[in-house]
Engineer: 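Pasting in a structure now, in structure tokens, and then I'll have a few things to ask.
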Amino acid sequence: MSKKAILTVLGARPQFIKAAAVSRQFQKIEIPEIIVHTGQHFDKNMSDVFFKEMSIPSPQYNLKINSLSHGAMTGRMLEQLEEIILKETPSAVMVYGDTNSTLAGALAAVKQHVRVIHVEAGLRSFNMAMPEEVNRILTDRISNLLFCPTDTAVKNLKNEGYENFNAQIVKSGDVMQDAAYFYLDKAKSSSKIIERLGLTSDFVLATIHRQENTDDQTKLKQIIDGLNRINKEVRVVVPLHPRTQKILKSTSISTDFTIIEPVGYFDMLMLISNSKMVMTDSGGLQKEAFFFGKHCITLREQTEWVELVENGFNRLAGASSDAILNAFHEMSSKESNFNIDLYGNGKASEKIAQHLKSWL
Ligand code: UD1
Ligand code: UDP
């Protein structure tokens with residue numbers, strides 16, 4: 001194996017989408033890549049579908065590590081990733097975002113003195129109760145190259161003293177915008193989801209999966225109640241993450257809106273771009289709403305994507321049924337000009353690949 005190969009560690013749905021954009025650029029300029037799938041997400045509609053739709057190169061390894069507590073999952077990944085790094089001797093390890101797979105990949109690399117590249121560096125919610133916040137802070141701290149999606153992300157790192165660390169900060173823009181723009185035409189020509197569900201443009205697209213909401217019965221009940229109330233006015237469609245599906249099955253919380261299985265990326269692009277509004281606790285979906293000129297109500301108390309809130313595209317409603325309904329009414333009559341470049345306008349992955357060409 002070429003010494004110049006980057007070893008990319010992936011595991012969760014949003015990472016497949018981010019990697020699709022970057023791997024495509026690697027192929028264009030012939031940066032060799034070894035992909036390791038930790039197995040964190042494993043259902044066909046949470047993993048395989050993304051590799052197929054977006055022609056992501058098949059992983060050389062799949063560790064099949066999932067459905068464990070945070071410590072057990074991260075620990076087992078760390079152990080197996082170390083073995084792979086020792087065998088493959090990559091020139092660097094690349095990780096995306098803030099999942100347990102991200103932290104395990106970064107830790108395995110740094111312990112073997114292999115350089116770490118973090119895509120989507122510098123984001124902060126300032127809520128240390130979130131597993132994602134812990135993962136992203138630790139990953140940033142042991143990375144050598146930090147690709148930041150926004151000015152705020154760069155500022156966060158500077159505030160934490162990163163200019164004094166042995167790490168390079170690069171503002172790249174957001175690779176999810178590249179993916180959304182690149183795959184939209186393919187989605188339009190292949191997805192049938194709008195017809196299948198009989199949707200008009202008068203529907204709200206919602207997703208819920210964050211641990212802070214799903215594992216707190218009071219919060220989950222409030223969010224579901226908010227969506228039930230909105231569904232009386234306009235149809236609410238929810239592709240439901242397996243985490244939330246499992247939890248709802250074990251409770252008596254009842255749902256009146258349209259629940260569907262998680263969908264592939266192409267269906268998701270069609271759902272977002274045809275919706276009236278988006279409501280979510282997802283990180284990625286908040287930005288995708290903006291990419292397609294849709295207002296978003298975020299079902300959390302904080303967001304890492306503060307520029308969306310500052311520009312009035314996004315409202316934080318937390319997990320309160322009343323606040324969600326009020327935000328829906330307010331946003332329904334709001335007009336916004338979404339024509340502003342917050343995330344690099346689809347050029348982030350090209351920037352990343354070009355930077356790596358000389359950095360590696
Ligand atoms: C993880 C990330 C979160 C990210 C999300 C993207 C961490 C700490 N969390 O959360 O930041 O927003 O992915 O979707 O890494 N499950 C299935 N089938 C699957 C995948 C998961 O049934 O294909 C089940 C698991 O068995 C588990 C639950 O969903 O019971 C949660 O999965 P897990 O990977 O631990 O965390 P996510 O909630 O997916
Ligand atoms: N997504 C998808 N199908 C779904 C739900 C989400 O393709 O049923 C996509 C969504 O469009 C976005 C990404 O998955 O690109 C976001 O992943 P998720 O919400 O799971 O994670 P987060 O961004 O919160 O980490």
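Indexing begins at 1, ligand by ligand and atom by atom, following the structure's order. When reading the values below, keep in mind they use all heavy atoms of this one structure, side chains included, and skip hydrogens, waters and symmetry mates.
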Engineer: More than 12 non-hydrogen atoms from neighbouring residues, nucleotides or ligands closer than 6.0 Å to CD on E30, yes or no?
Structural biologist: no

Engineer: Counting non-hydrogen protein atoms only, what is the nearest one to atom 4 (C) of ligand 1? Give residue, atom name and distance.
Structural biologist: H209 NE2, 3.8 Å

Engineer: Considering the heavy atoms of P262, write down every atom of ligand 2 situated less than 4.0 Å from one of them.
Structural biologist: 8 (O)

Engineer: Please report which non-hydrogen protein atom sits nearest to atom 17 (C) of ligand 1, along with the residue it belongs to and the distance in Å to one decimal place.
Structural biologist: F42 CZ, 3.3 Å

Engineer: Distance under 4.0 Å to a non-hydrogen atom of S282: what atoms of ligand 2 satisfy this?
Structural biologist: 16 (C), 18 (P), 19 (O), 22 (P), 23 (O), 24 (O)

Engineer: Just heavy atoms, cut-off under 4.0 Å: does E132 contact ligand 1 by side chain, backbone, both, or neither?
Structural biologist: side chain

Engineer: Starting from atom 30 (O) of ligand 1, what is the nearest protein heavy atom, named by residue and atom, and what distance separates them?
Structural biologist: K246 NZ, 3.4 Å

Engineer: Going by the order shown, which atoms of ligand 1 are within less than 4.0 Å of some heavy atom of R210?
Structural biologist: 12 (O)

Engineer: Under a heavy-atom criterion of less than 4.0 Å, does G97 contact ligand 2?
Structural biologist: no

Engineer: Give the atoms of ligand 2, by number and element, whose distance to some non-hydrogen atom of G283 is under 4.0 Å.
Structural biologist: 22 (P), 23 (O), 24 (O)

Engineer: Just by distance, no angles: are the side chains of H118 and D140 close enough, under 3.5 Å, to form a donor-acceptor pair?
Structural biologist: yes

Engineer: What's the shortest distance from atom 9 (C) of ligand 2 to any protein heavy atom, and which residue and atom give it?
Structural biologist: I17 CD1, 3.8 Å

Engineer: Does ligand 2 have any atom that is closer than 4.0 Å to a heavy atom of M176?
Structural biologist: yes

Engineer: Has ligand 1 got any nitrogen or oxygen that is less than 3.5 angstrom from a nitrogen or oxygen of S101?
Structural biologist: no

Engineer: Please list, in number order, the atoms of ligand 2 under 4.0 Å from a heavy atom of P239.
Structural biologist: 8 (O)

Engineer: Under the 6.0 Å and 45° cation-pi test, does R13 pair with F50?
Structural biologist: no

Engineer: Hey, which of H37, E33, Q15 is the one that makes side chain to side chain contact (heavy atoms under 4.5 Å, CB included) with T8?
Structural biologist: E33

Engineer: Say whether H241, considering both its backbone and side-chain N or O atoms, lies within less than 3.5 Å of an N or O atom on ligand 1.
Structural biologist: yes

Engineer: Would you mind running through ligand 2 and noting each atom that sits below 4.0 Å from a heavy atom of G264?
Structural biologist: 7 (O)

Engineer: What residue and atom, counting heavy atoms only, is the protein's closest point to atom 28 (C) of ligand 1, and at what distance?
Structural biologist: R243 CB, 3.8 Å

Engineer: Taking atom types as modelled and ignoring hydrogens, do the side chains of D281 and N213 form a donor-acceptor contact shorter than 3.5 angstrom?
Structural biologist: yes

Engineer: Does E79 have more than 12 heavy atoms from other residues, nucleotides or ligands lying within 6.0 Å of its CD?
Structural biologist: no

Engineer: So, 4.0 Å and heavy atoms of H70: is ligand 1 close enough to count as a contact?
Structural biologist: yes

Engineer: Looking only at protein heavy atoms, identify the closest one to atom 21 (O) of ligand 2 and say how far it is in Å.
Structural biologist: P14 CG, 3.5 Å

Engineer: Note the single closest protein heavy atom to atom 18 (N) of ligand 1, along with its residue, its atom name and the distance in Å.
Structural biologist: D43 OD2, 2.8 Å

Engineer: Does the side chain of S321 come under 3.5 Å of the side chain of R229 through a donor N or O and an acceptor N or O?
Structural biologist: yes

Engineer: Which residue and atom name correspond to the protein heavy atom nearest atom 35 (O) of ligand 1, and how close is it?
Structural biologist: M73 CE, 3.4 Å

Engineer: With Y343, which of F290, Y181, F338 fulfils ring pair (Phe, Tyr, Trp, His ring centres under 6.0 Å)?
Structural biologist: F290

Engineer: Who's closest to atom 6 (C) of ligand 1 heavy-atom-wise, of S67, P262, P14?
Structural biologist: P14

Engineer: Any side-chain donor paired with an acceptor under 3.5 Å for Q286 and T303?
Structural biologist: yes

Engineer: Which residue holds the protein heavy atom closest to atom 23 (O) of ligand 2, what is that atom called, and what is the gap in Å?
Structural biologist: G284 N, 2.8 Å

Engineer: Out of all atoms in ligand 2, which are within 4.0 Å of some heavy atom of Y265? Include the element for each.
Structural biologist: 7 (O), 15 (O)

Engineer: I need the nearest protein heavy-atom contact for atom 6 (C) of ligand 2: residue, atom name and distance, please.
Structural biologist: R13 CZ, 3.5 Å

Engineer: Please confirm whether R141 makes a cation-pi placement over F165, using NZ or CZ under 6.0 Å from the six-membered ring centre and within 45° of the ring normal.
Structural biologist: yes

Engineer: Does the side chain of H355 pick up a donor-acceptor pair with the side chain of E350 at under 3.5 Å?
Structural biologist: no

Engineer: Run the numbers for me: atoms of ligand 2, each under 4.0 Å from some heavy atom of R210, listed by number.
Structural biologist: 22 (P), 24 (O), 25 (O)

Engineer: If we count only N and O atoms by modelled type, under 3.5 Å, do the side chains of T207 and T280 hold a donor and an acceptor together?
Structural biologist: yes

Engineer: Can you check whether a protein heavy atom sits less than 4.0 angstrom from atom 32 (O) of ligand 1?
Structural biologist: no

Engineer: Check ligand 2 against F50 and write out every atom of the ligand that is under 4.0 Å from a heavy-atom position of the residue.
Structural biologist: 7 (O)

Engineer: How about R76: does its CZ atom have over 12 heavy atoms from other parts shown lying under 6.0 Å from it?
Structural biologist: no

Engineer: Are R115 and W359 close enough that some pair of their side-chain heavy atoms sits under 4.5 Å apart?
Structural biologist: yes

Engineer: Of all the non-hydrogen atoms in the protein, which one sits nearest to atom 34 (O) of ligand 1, and at what distance?
Structural biologist: Q40 NE2, 3.1 Å

Engineer: Of the protein's non-hydrogen atoms, which lies at the shortest distance from atom 1 (N) of ligand 2, and what is that distance?
Structural biologist: M268 CG, 3.7 Å

Engineer: Out of curiosity, is E132 lining ligand 2, as in a heavy atom under 4.0 Å away?
Structural biologist: no

Engineer: With distance as the sole criterion, is a donor-acceptor pair present between the side chains of N135 and T102 under 3.5 Å?
Structural biologist: no

Engineer: Have a look at ligand 2 and work out which part of V263, if any, has a heavy atom under 4.0 Å from it: side chain, backbone, both or neither.
Structural biologist: both

Engineer: Do other residues, nucleotides or ligands put more than 12 heavy atoms under 6.0 Å from the CG atom of D341?
Structural biologist: yes

Engineer: Checking N127 against E133: is there a side-chain donor and acceptor pair closer than 3.5 Å?
Structural biologist: no

Engineer: Please state which protein non-hydrogen atom is closest to atom 15 (O) of ligand 2 and give its distance, to 0.1 Å?
Structural biologist: E288 OE2, 2.5 Å

Engineer: Starting from atom 20 (C) of ligand 1, find the nearest protein heavy-atom neighbour and note its residue, name and distance.
Structural biologist: H41 CD2, 3.4 Å

Engineer: I'd like to know if the side chain of D43 reaches the main chain of M46, judged simply by a donor and an acceptor atom lying under 3.5 Å from each other, with no hydrogens or angles considered.
Structural biologist: no

Engineer: Under the side chain to side chain contact (heavy atoms under 4.5 Å, CB included) test against K287, which residue among L342, T150, D174 passes?
Structural biologist: D174

